[in-house]
Amino acid sequence: MKNNIEIKPNIFWIGANDRKKDTWENYWPLPNGMAYNAYVIKDEKIALVECMDKDFYEDYIENIKSITKGQKVDYLVINHVEPDHSGAIKDLIREYPEIQIVGNKKTYKELTQFYGELNNFYEIKDKDIINLGQKSLTFYMTPMLHWPETMMTYLNEDKILFSCDAFGSYGTNNGGIFDDQMNWDYLDVEVQRYYTNIVGKYCANTQNALKKLKDVEISLICPSHGRIWRSHIDEIIAKYDKWSSYNTDKGVVIAYSSMYGHTEQMADIIAHFLVEYGIKNIRIYDVSKVHPSYIINDLFNFKGAIFGSCSYNNGIFPMMGALLEKIENVEIKNHYFGYFANKSWAGGAAKRLSKFQDKMKWQGVETYCDTFGTPESEDIELCRKIAKEMADKLNSDFPE
Ligand code: FEO
């Protein structure tokens with residue numbers, strides 16, 4: 001299907017919408033699908049920025065040909081090797097055997113690991129320039145944003161930053177491609193979820209990239225997924241700065257697992273007390289129903305976290321265990337933490353929650369609750385204390 005738009009003279013977006021995939025990286029939910037963006041720069045030489053997911057190669061090559069009209073394609077810039085950016089590379093090379101594959105040393109290593117030996121690799125280093133004729137490309141290495149080879153490409157004359165995964169989004173481009181072209185509010189959570197899920201472990205690297213690009217003048221940010229930023233460039237950069245510096249707001253994420261409703265009851269009791277103590281942002285998630293993707297996202301929004309779990313076979317309930325493991329993996333920093341548990345018959349959940357707190361180095365509240373079955377009045381009092389100690393910390397950090 002023809003799907004190309006001239007975003008500036010002789011610079012084209014070509015893209016595909018994937019509404020079939022259920023998950024990203026076979027893990028993160030995609031309720032709104034996914035968009036793959038690639039770009040064609042037409043000059044005396046032609047450069048493609050980004051290849052394409054293999055399933056969408058036919059559209060990709062048809063779009064390229066409709067733009068190049070028989071002119072040979074000289075360069076393919078690979079900003080990132082993950083297969084949504086590179087999957088169709090062998091097909092493209094078959095079409096253009098002379099094409100130069102542009103990337104850094106790590107790009108080459110990873111490409112050969114995925115696709116075998118490649119001829120015509122053009123190795124570039126940080127801030128190297130390739131001239132296309134009237135236009136030129138500068139390359140900025142942005143390692144671990146979110147893979148070792150990740151880089152961005154800057155079109156000097158038009159001040160366009162091809163930012164790879166950074167500033168990207170889950171969700172398809174449903175009609176428009178520019179941020180000011182249509183109402184994207186319903187996908188704003190997908191922009192944040194894409195950052196927190198995919199890049200969120202690498203906040204320090206994000207900060208490094210933002211510093212590196214601080215003085216680069218930008219007229220368009222063209223990411224590999226989601227909308228192109230044209231009218232909200234400062235805003236999206238400010239959001240990335242906030243998220244990657246763990247600059248959270250006043251609020252508490254309560255995540256719980258409950259088999260028979262007792263642990264859920266404790267979650268509700270704590271939430272009621274939090275409100276009494278002045279906390280207005282509270283999100284409660286049943287981890288058996290809500291994917292870690294969304295819970296992790298809200299941990300980038302709110303400074304407080306209170307987790308509760310029933311015990312299961314002398315350990316923590318499996319879905320809560322999976323959430324804790326994922327949060328440990330993402331290494332989210334700078335939170336206040338409280339926990340509550342239900343022993344079922346022998347306990348185990350509280351021990352794991354305590355270990356989680358130590359591992360994350362989150363500042364804990366003093367009180368915790370670990371009960372049997374239905375919470376009694378003394379358990380309710382412990383829940384009140386957890387809420388009070390959490391609210392005190394947040395009220396002190398965020399005075400109103
Ligand atoms: Fe767009 Fe890291 O893949």
Side-chain angles (χ1 to χ4, degrees), residues 3 13-39 48-57 59-60 76-89 92 101-104 106-111 113-115 139-153 161-173 177 187 189-206 208-210 221-229 236 240 243-244 292-293 296-297 326 329-331:
N3 210 2
W13 164 89
I14 53 176
N17 283 322
D18 187 346
R19 297 190 177 89
K20 290 198 168 56
K21 261 194 197 73
D22 291 321
T23 52
W24 194 240
E25 296 177 341
N26 219 7
Y27 179 69
W28 307 101
L30 287 180
N32 295 296
M34 194 70 187
Y36 309 112
N37 300 333
Y39 302 91
L48 310 176
V49 180
E50 306 286 9
C51 194
M52 183 54 66
D53 181 288
K54 197 167 172 37
D55 289 348
F56 294 88
Y57 175 71
D59 288 349
Y60 176 70
L76 167 66
V77 177
I78 295 283
N79 278 335
H80 178 30
V81 175
E82 200 165 6
D84 52 298
H85 299 243
S86 70
I89 193 167
L92 189 72
I101 310 295
V102 180
N104 56 66
K106 290 173 191 156
T107 316
Y108 181 74
K109 181 168 178 268
E110 291 174 18
L111 280 175
Q113 285 163 348
F114 272 78
Y115 306 105
F139 304 95
Y140 290 93
M141 303 302 113
T142 52
M144 297 317 299
L145 204 77
H146 60 124
W147 276 22
E149 83 297 353
T150 309
M151 62 185 207
M152 297 187 191
T153 300
L161 181 69
F162 300 99
S163 61
C164 192
D165 281 337
F167 311 115
S169 177
Y170 295 132
T172 47
N173 293 330
I177 55 166
L187 288 179
V189 67
E190 299 293 58
V191 175
Q192 190 187 15
R193 214 162 55 87
Y194 191 72
Y195 176 75
T196 62
N197 294 182
I198 304 298
V199 187
K201 184 180 172 85
Y202 305 105
C203 286
N205 306 81
T206 308
N208 290 341
L210 292 177
I221 296 179
C222 293
S224 304
H225 309 286
R227 72 197 84 163
I228 292 174
W229 302 95
I236 187 61
Y240 261 58
W243 298 333
S244 59
S293 168
I296 284 170
N297 202 51
K326 190 63 206 156
N329 171 262
V330 178
E331 297 177 12

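We number each residue from 1, following the sequence as shown. For the numbers below, each heavy atom of this structure counts, side chains included, while hydrogens, waters and symmetry mates do not. Counting starts at 1 for both ligands and their atoms, following the listed order.
Using a 4.5 Å cut-off on side-chain heavy atoms (C-beta onward), R193 and S169 make no contact. Counting only heavy atoms from C-beta outward, the side chains of Y60 and I14 approach each other to under 4.5 Å.
Scored by the side chain to side chain donor-acceptor pair (under 3.5 Å) test, R227 finds D188 as partners (sequence neighbours excluded). The side chain to side chain donor-acceptor pair (under 3.5 Å) check on W13 picks up N37, with sequence neighbours excluded. Under the side chain to side chain donor-acceptor pair (under 3.5 Å) criterion, Y202 pairs with no residue at all, not counting sequence neighbours.
Between atom 2 (Fe) of ligand 1 and the N, O or S atoms of H146, the shortest distance is to NE2.
Within a radius of less than 2.8 Å around atom 1 (Fe) of ligand 1, the protein N, O or S atoms are D84 OD2, H85 NE2, D165 OD1, H225 NE2.
Atom CG of N205 sits about 6.5 Å away from atom CG of L145, to the nearest 0.5 Å.
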